[in-house]
J.: 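This is the structure I want to talk about, given as structure tokens.
Numbering of residues begins at 1 and proceeds along the displayed sequence. Keep in mind the model is a prediction, meaning the values are calculated, not measured.
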Amino acid sequence: FSSYAKSTPHLIHAPKNFLYIVFEKCHGQDCKDSFHVQEMTHENKEIFTATFTDPITKEMFSSGLGGEINVEKRRSSSLATPLHLGKVKILDGKVYYRNAKLAKHAAAARAIDCYIFREETADTNKIQLCIEDPYKTVEEGTSQKIDYSALLAQRNPKKSVYILHKKEPTFSSYAKSTPHLIHAPKNFLYIVFEKCHGQDCKDSFHVQEMTHENKEIFTATFTDPITKEMFSSGLGGEINVEKRRSSSLATPLHLGKVKILDGK
């Protein structure tokens, strides 16, 4: 890796492409299917992080924080948006980019840095692609403590990066971020229960039917599939938050006709 970085330095401006070429040259193996992209939505925008898994050793490298590369550059082998100018988010110690392509290039860059560092034959400071320190072993990489606050200041003083501490999802956070959904409580419960607990609750309702004054009427219970706590049908009140037709009931709960029988 170090010899190719030294002889064709312009290629490392597109780390993923460099990795494809050099991995095959060094190991005679294709690594194009060795990337995995993880996508998430933050502040109504999709962001991406990625991993590159070495097809031989199975070692995994995560997207790194791209730094400026001060070597020869050619338009034919450069990214439209260089990694060091790509906007990123830091969530739980992972580096997320605005598109999947940059996330994969950033994972490739982290792998390249470590491969070159382990060869101990090149000036790694000159050709280092990520700001994070490279490491020699999986154990060293796993135990590595990275101060992203300091690295971000070094990478871009103008703040193209934001450090965020991801909070566990809660019902209140979803009610606050997507209030229109609570106008259809059952659907909101389906979505948020799965988001918070990773579990489907669609089969957790039990409906009780009875005839009163020659008309069928219904009450129901919802049983929490984790705690087994049971919740009975409540008396719906008017909901004074944002409303959208696509996520509202034809008859809002507060306008539904009800009967109170035996406290139900």
Side-chain angles (χ1 to χ4, degrees), residues 1-23 25-26 31 34-35 37-38 42 45-52 54 60-136 140-141 144-164:
F1 275 82
S2 54
S3 64
Y4 276 101
K6 188 174 181 180
S7 62
T8 54
H10 59 281
L11 294 180
I12 64 176
H13 287 280
K16 180 164 60 73
N17 301 349
F18 178 84
L19 183 61
Y20 288 165
I21 294 168
V22 182
F23 201 93
K25 293 281 188 181
C26 292
C31 67
S34 298
F35 289 88
V37 175
Q38 180 184 346
H42 178 76
K45 292 182 179 179
E46 292 179 342
I47 54 177
F48 305 83
T49 191
T51 54
F52 168 74
D54 186 307
M60 190 177 294
F61 301 89
S62 300
S63 296
L65 190 59
E68 189 169 3
I69 306 170
N70 296 311
V71 297
E72 176 193 355
K73 188 175 183 180
R74 299 181 189 176
R75 183 178 297 179
S76 60
S77 55
S78 298
L79 301 178
T81 301
L83 278 181
H84 74 285
L85 295 181
K87 292 185 177 180
V88 302
K89 301 274 185 185
I90 309 298
L91 293 171
D92 292 340
K94 293 182 181 180
V95 182
Y96 286 81
Y97 287 80
R98 290 289 179 86
N99 64 63
K101 181 179 178 180
L102 284 183
K104 289 196 283 187
H105 277 290
R110 194 80 166 105
I112 292 166
D113 281 350
C114 290
Y115 290 151
I116 291 176
F117 182 66
R118 294 167 190 181
E119 292 172 353
E120 298 181 343
T121 57
D123 181 355
T124 56
N125 289 326
K126 182 179 179 182
I127 56 177
Q128 189 169 320
L129 310 185
C130 294
I131 298 179
E132 299 97 328
D133 290 332
Y135 49 89
K136 289 189 176 181
E140 185 181 329
Q144 194 175 49
K145 304 295 184 184
I146 301 175
D147 182 356
Y148 275 109
S149 297
L151 293 184
L152 296 178
Q154 175 185 339
R155 177 184 188 258
N156 193 338
K158 294 182 180 179
K159 291 188 177 179
S160 65
V161 185
Y162 307 87
I163 299 182
L164 301 165

J.: For Ile21, what residues pass the side chain to side chain contact (heavy atoms under 4.5 Å, CB included) criterion, not counting sequence neighbours?
T.: Leu11, Lys25
J.: At their closest point, which heavy atom of Ala80 faces which heavy atom of Pro82, and how far apart are they?
T.: O-CD, 3.7 Å
J.: Please list, chain by chain and in numerical order, all residues satisfying side chain to side chain contact (heavy atoms under 4.5 Å, CB included) with Asn99, sequence neighbours excluded.
T.: Lys101, Leu102
J.: Could you check whether any side-chain heavy atom of Ile112 comes within less than 4.5 Å of a side-chain heavy atom of Phe61, counting everything from C-beta outward?
T.: no
J.: Any sub-3.5 Å donor-acceptor pair from His84's side-chain atoms to Gly66's backbone N or O?
T.: no
J.: Assess the residue pair Cys130 and Leu65 against the criterion (side chain to side chain contact (heavy atoms under 4.5 Å, CB included)); give the C-alpha distance rounded to whole Å, side-chain angles, the decisive distance to 0.1 Å, and a yes or no.
T.: CA-CA 5 Å; Cys130 294; Leu65 190 59; 5.7 Å; no
J.: How would you list, by chain and number, every residue that makes a ring pair (Phe, Tyr, Trp, His ring centres under 6.0 Å) with Phe52, sequence neighbours excluded?
T.: Phe35
J.: If we only count heavy atoms from C-beta on, is the Ile47 to Leu91 side-chain gap below 4.5 Å?
T.: yes
J.: May I ask you to check whether Tyr115 and Tyr4 place their ring centers less than 6.0 Å from one another?
T.: no
J.: Please assess Leu19 against Cys31 for the test side chain to side chain contact (heavy atoms under 4.5 Å, CB included), listing each intermediate value before the final yes or no.
T.: CA-CA 8 Å; Leu19 183 61; Cys31 67; 4.2 Å; yes
J.: Can you list everything that forms a side chain to side chain contact (heavy atoms under 4.5 Å, CB included) with Glu140? Sequence neighbours excluded, please.
T.: Tyr135, Lys136, Thr137
J.: Can you pull the salt bridge (Lys or Arg N to Asp or Glu O under 4.0 Å) pairs that have at least one residue in residues 65-85, sequence neighbours excluded?
T.: Glu72-Arg74
J.: Could you go through Gln38 and Tyr96, starting from their C-alpha distance and side-chain angles, then the distance that decides it, and tell me whether this counts as side chain to side chain contact (heavy atoms under 4.5 Å, CB included)?
T.: CA-CA 9 Å; Gln38 180 184 346; Tyr96 286 81; 3.6 Å; yes
J.: Strictly distance-based, threshold 3.5 Å: is any side-chain N or O of Ser63 a donor or acceptor partner for the main-chain N or O of Ala103?
T.: yes
J.: Please tell me if the side chains of Val95 and Glu132 come closer than 4.5 Å, counting only heavy atoms from C-beta onward.
T.: yes
J.: Are Val71 and His13 close enough, and set up right, to give a side chain to side chain contact (heavy atoms under 4.5 Å, CB included), and what steps lead you there?
T.: CA-CA 9 Å; Val71 297; His13 287 280; 3.6 Å; yes
J.: Considering only heavy atoms from C-beta outward, does the side chain of Leu83 approach that of Leu129 to under 4.5 Å?
T.: no
J.: Checking Ser62 now: which residues fulfil side chain to side chain contact (heavy atoms under 4.5 Å, CB included) with it, not counting sequence neighbours?
T.: Thr51
